[in-house]
Every structure is written in C-alpha cells, then in structure tokens.
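Note that this is a predicted model, so its numbers are computed, not measured. The sequence lines fix the lettering, A, B, ..., with proteins before strands; numbering per chain opens at 1.
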Amino acid sequence: MVSVVTRVKQKQIAQLIEEDKRLDGRDLMDYRETKIEQGIIERAEGSARVLLGKTEVVVGVKIEMGEPFPDTPNEGVLTVNAELTPIASPAFEPGPPNEDSIELARIVDRGIRESKCIDTSKLVIEPGKKVFVVFVDIYVLNHDGNLIDASALAAVNALLNTKMSNYEIKEGEVKIKPGYEQLPMKKHPITVTTVKIGNKLLVDPSLEEEEVMDARISFAIDDDNNICAIQKGGSGYFEPQQVIEAAKIAQTKAKELRKKLNW
Amino acid sequence: MPILLEKRQLVTPGDLIAEGEYIAGENTFSEKGKIYAARVGIVEYETKKIDVVALKAFYVPRTGDIVIGTIIEVGFNGWTVDINSPYIALLRASDVLSRPFKPQKDDLPQVLDAGDLVVAKVVSYDRTHDPQLTVAEPGLGKITRGQIIKITPTKIPRVIGRKGSMISMIKQETGCNIILGLNGVVLITGKTLDDEQLATRALLKIEQESHTSGLTDRITQMLKEEKAKKEENKK
Amino acid sequence: MNDKPEKLIDKKGLRLDGRKPEDLRPVKLEVGVIPNADGSAYVEHGKNKILAAVYGPREVHPKHLSLQDRTVLKCRYHMAPFSVQERKSPAPSRREVELSKMIKESLEPAVFLEYYPRTMVDVFVEVLQADGGTRCASITAAALALADSGIPMRDLVVACAAGKVDDTIVLDLMDTEDKLGAADVPVALMPNLNAITLLQMDGILTHEEFESAVNMAMEGCRKIYAIQKEALKTKYVSISEENKEEAEE
C-alpha cells in the first residue's frame, strides 16, 4: 500500500506533531468521531458498521455448523477474515487476501480469541462432533487510517448483535426451532492503536499519518484492563519505554470508550 | 574523546568504534556524535577518518571505473551488461560502433552477442538510472581469450597491493597479463593454461586471506614453490 | 494425542525441559552455510532448526514493485511439511503470510535501504524443525544472513520471546509452553540502538506482567546477540588462525 504523501505535507505533519498538534486539529490522544450501528445487514446473523472519522468498516457474522478442532472438541470455532475491498482505496487491488488483509484479520482474531470474548464452550451441539462455527467477515469500505481499531470495534459490535437460531437434536439430526438466542459473550475487548511519528506517540492515526509514521503498535484490552493481544507493525521501531507507555495509553483509551459504550 | 577499538580489529554492524570529532569513512555511519560499523570488517583509521575495510561487499558503480562485464541481452539499440552489481549496465550501439547506429545496416549480435565479455569503463551513474558503459577507449572492448574469475570487489585493492606491488609481483612470477575490473571481475591471460591457473590460485588465496598480515610474502613464496615444482616435473 | 501435562513448572521451580524460568534454550549459530546465496545463516535454538538465505541487492522483479528511492526488502517465512508434529501442507498458510510480514518489518529498520534505490533484497527463511519461538529464531538467523551478504546495516537484529506459564514469567517458551501457557511475547531488538522492531503478544497479561515479560525478553535477546557476533567473526578469524600456524612452522 504505497501512495505518495508530498514532502511538504510530511514536513507539515512533523512540525505540528512537535507542538503536540495534528493536521485535523486533534490532540495527540484524541480519537476521531466514532459512529456505531448494529444490525444493518438482516441476512447476516449479526452485523455492525463503524465510522471512525472517514474510515468505514462493516462486519458481518454468519453462523454455521461444523466440526470442532481436534484439540478442542468441546469448543465452538471462531474464524475471522478481512477484505480490503478495492472500493475502499485506490491502493487496494482485487484478488485473494494479501499480507495486509491477512494481518488485519489475525490481529482482530487474536483480540477476540485471547480475551475469551465469545463463550465457545456454549457453542457445542454434539461434543467432539458438531459445533457452531462463527464466521466474522470484515469488510473495509473506506480507508482513511486505523483499520485495526475500526475493524476490531465493528467485529465486537457485530458479535454483540449476533443471534443464533434455537435448535433441537431429533434422531441424531439437528432441527431448527423457532426463536433465537444471543451469541454467548463473556468479554468485550477494545483495541487501541498508537503510532510513533518523530519521537511522539499519538492514537488513531489518519491515513496520512500512517503514511509518514515510523511504526504502529496495537493493544487489545479486555474488561478487566488486561492486555490480551499486541501487534507492532510498520518498518520503524519503538524504544522500550515507548512500548510501555503505549500500553498505558491503550488501557486509558479503552477505559474511556468502554464507559461510553456501557460495556 | 576516544577511538574505542584498535586498528585491524574485527567489527560487526552496529559496533561502536569511536566517539567525538571523527569523520565517518567507508562502511561506517555516524549518529549523535558516535561512529558505528555498517558492515563486517576491519577497523582502519588515519588521524580523523575512520574506515571499516569490509570483508564482503557488492560492487556499486562509480564513474570512471574500469569493469569487466558479460553481455546479457542484445537490445534495441545496444546491449545490457552484467557487471556483477545490483545494477545492470547499458552499452549503447553508437558507442561500440564509434558512429551513429544504423538499424537497417548494423547487425548488433554480430558485433557483440549474449555471453560475450567486455572490458569497459563506467561513463555515468547516479541514483536515478542504470550505469552507462563505454568501450571507446584504448584497452577496452571485447575479450576473446583468457580466464575470468570473480572476487569480492572490496579485495581488489589488496590484490593491487601498495603502489601495485602485489599485482606486479604476480604478473611477473606467472608471466600473465591481468586486468582487474573494479567490479571484482578479473581477466587473466597467460602463455599457458598452467600459468593462468597459477595466477588464479594466487588471486583466490589473496581474497580468502586479505585480512591477515604477511600476505605478500606468503603469496610470493607460494608462487616460487609452484614454479619450482613445475621445473622438477619437467626434468 | 499427547496427554497435556498438569503443571508446566514443578515444585522445584523447574520447567518441563528442566530449565529455570530465566533460562534460555541452547543456541547455535553458523554463518555462510549456503554457497549460492549472497548471505546465509543456520540457527539451532532449542529444537528449532532454521535456515535463512539472502539474495540481493539485485534488480527488482516484477519491475512495478521497484521503488525510486530505496531497496525493496521482501521476506518469505516458510515451514517444511515435516517440521511439525502433524505434517503441514507446503502451501503458505495465513500464519506464514503474517509471519513473513512481521519478520520483514523487524529487519527493515536495521538495513540502510536508502543506499540502493531500485533494487530488491530477498530474505528466505525455511523452518526445518519447529519447537516454539520460530519467528524469533528466524529473525536472528535472517539478520545474520543479511550481515553476511554485505548489505550495510545499522545494527544486527536479534529476537527472543518471554511469556507466562503457571503464573510465572518465563524466558524463551518452547512449543508446549506456548500452547498451554497464559501468554507469549516475542520481541525483536536492535541491541546497540536499544530499539524494538518486533513486538507481539497473545494471551492475557496485566500491565506489570507485560513489562516484566518485555524486559526479560530483551535480556534474552542480548545473550543471543553475543552469540550472533561470535558467529559472524568466527568465519573470518579461523582463516587468520590457520595462517598463524603456517607461519610458525
């Protein structure tokens, strides 16, 4: 994903950052305006749409029945996929998932999986044989930076919105009954991405900020303020104390958002 | 403010060599007043300038360098040449023919074909385009016979020796003509295959042991011993 | 199927393989093992056996990937089908794709990419045998292969993981500890610049535990760094030694 940010703009961003300011007027620790909608795709079992500034991500959840993994026979299966659709940016090309979309999917997956967000033990139909498989599909519709936080937020909202059909087992076959149950959830992880430009740290990078950044680091924080996933990205580096500081920033921002969302 | 390491000490990338008012020379870089090694090599310094003589490096073209290259492809109006560098060089037809190129009349593969060897000079090179070569000078042009060997370009100065002492000695002892391409490609032409192979062995030995001392003597000794053996076998 | 061990650390405080929490597995490094490559290295880290080879700088293929102002660094992390307990398909998995990107991003800060515009450097990592911590061992070997290839670097890159098993922060998790433990934190470091170029985590840790793990991992990195430097120097020192002996005869 390469697009050219002019030298002049790069300088502008760098100069502003030195004074703790950003191009769009935000403070270094401010997130852009965030809008969340749930249940926008009726055909999906669950769905959500997040607008983070101009970044737009839609997540759809589909539930199917399948076999559990051999080493976890009493747990349902979670699988996360991400599409950087060509609609979203001139830099995205059609085709099979590339390393960026695979990385995005796996980061969101880790946040959900490691925090034990979904109660997978309640997704068992027949132990060792049949379980519910939760497909989380991330669709990026407009890329203006920080796809990670937007996707993670949309994914958890979509899961909160997810309803599973009631069922019963008759004569060894699974039959759908009327009625629904919410997807059993235990935790609500929130992912916060911090970026390093010059020697300063800032949260929720816009697309232009991502293009001039040294590196980024994302932390997934659970309801008890624990860290459950971390991913550093970008061709630059962090000093050890910056990493520790970014972790604290993530915990603070996650707490703020958690309060707003009532999670 | 100190130079922290002794001369001829082996360093690896990132090793701190000196702090203070020094100049970062070959294969070093400076950051916040400190000079670090950028390649594996041996520390050398004269008063203020600190160099690392790299044990291994690839050839980056410089204008004026004499290089030996292999023709890769016959192109539209010239040739692309492999000069043992990350960059592929270009040789224009007009340069080789010493006159403007006439596409209807001139058959380029007849002049130089893929696989041919040339001794050339780099006439221009910068960060934005590939190096251009010329053969329009005396001593340059297509190579028709001899042995070609490749050695790490950083070792070429060692092969030359102080004021050319090492290379003159080898030429003398083996009776071979040796053209040293600064890109690490060397052409050896001798009277017999044995002579050429002897010179080859001497050069490869220098490449292997370039960072050690007493090398000139050892090479001289090796060449004398080999020649003595040959005389013995003749009898 | 193996029985899962109940405890990963026994009453004496020793781990499944007899190590103490702060012990590193044995590390062996060798440079210049693949003659055709421009640079190469082999690492044995615990039971991990990994080969890294570097080709380049060379012309960029395909041409449209070429960058006007710097080298393009590409990396491919791949596991051999026989490297793990259950045969793994040779086709690149999503994990291998992500790790290829992570390894590339951990090495880029160390290489002077701006020196050689319009060129490409390929880093290939093949895992011959895996036992937890392959991405760290891969980075350590790949950095050596890059230094061996003669491309200028700011520093070597070295990597090591720390984590949490049985409520204890431990260094250098092996496969079982990674699978059954509470958290795994791989870290890559440029030691002279004290710069972290890779940091990931999966599991659950408090902030304090996270800080301990990162510090422990960095200490492990510095221990391996000493072995890395020795490996680079060994290749050249042995030739001097031979000549000293010859001269003395």
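- Ranked by heavy-atom pairs shorter than 4.5 Å toward chain C, the options B:Thr154, B:Asp15, B:Asp217 are led by B:Asp15.
- No hydrogens or angles considered: a donor-acceptor pair under 3.5 Å links the side chains of C:Thr134 and C:Tyr77.
- C:His45 and C:Arg25 make their closest contact through CD2-NE, 3.8 Å (heavy atoms, listed as atom of the first residue, atom of the second, distance).
- Only the backbone of C:Asp38 comes within contact range of chain B, judged by heavy atoms closer than 4.5 Å.
- Annotation: cation-pi pair B:Arg39/B:Phe58 present, NZ/CZ under 6.0 Å from the ring centroid and within 45° of its normal.
- No side-chain donor-acceptor contact under 3.5 Å links B:Asn183 and B:Arg62.
- Cation-pi check for C:Arg154 over B:Tyr36 is not met; the charged atom does not lie both under 6.0 angstrom from the ring centroid and within 45 degrees of its normal.
- Put simply, of C:Gln68, C:Met120, C:Arg118, C:Lys229, the one with the most heavy-atom pairs under 4.5 Å next to chain B is C:Arg118.
- Residue contact with chain B, scored on non-hydrogen atoms closer than 4.5 Å, involves the side chain of C:Tyr225 exclusively.
- No other option in B:Val60, B:Thr128, B:Val11, B:Asn27 has as many heavy-atom pairs under 4.5 Å with chain C as B:Thr128.
- For B:Tyr125 and B:Asp65, the side-chain atoms include no donor-acceptor pair closer than 3.5 Å.
- If you measure heavy-atom distances from B:Asp126 to chain C, the contacts under 4.5 Å come from the backbone alone.
- Counted by atom type alone, C:Ser212 and C:Asn215 present zero donor-acceptor pairs between their side chains at under 3.5 Å.
- Heavy-atom pairs under 4.5 Å with chain B were tallied for C:Met190, C:Met153, C:Gln228, C:Arg58; the largest tally goes to C:Met153.
- Contacts between B:Asp130 and chain C at a heavy-atom distance below 4.5 Å involve backbone atoms as well as side-chain atoms.
- Looking at C:Leu193, only its side chain comes within 4.5 Å of chain B, counting heavy atoms on both sides.
- Interface remark: C:Thr71 contributes no atoms to any contact with chain B (heavy atom separation under 4.5 Å).
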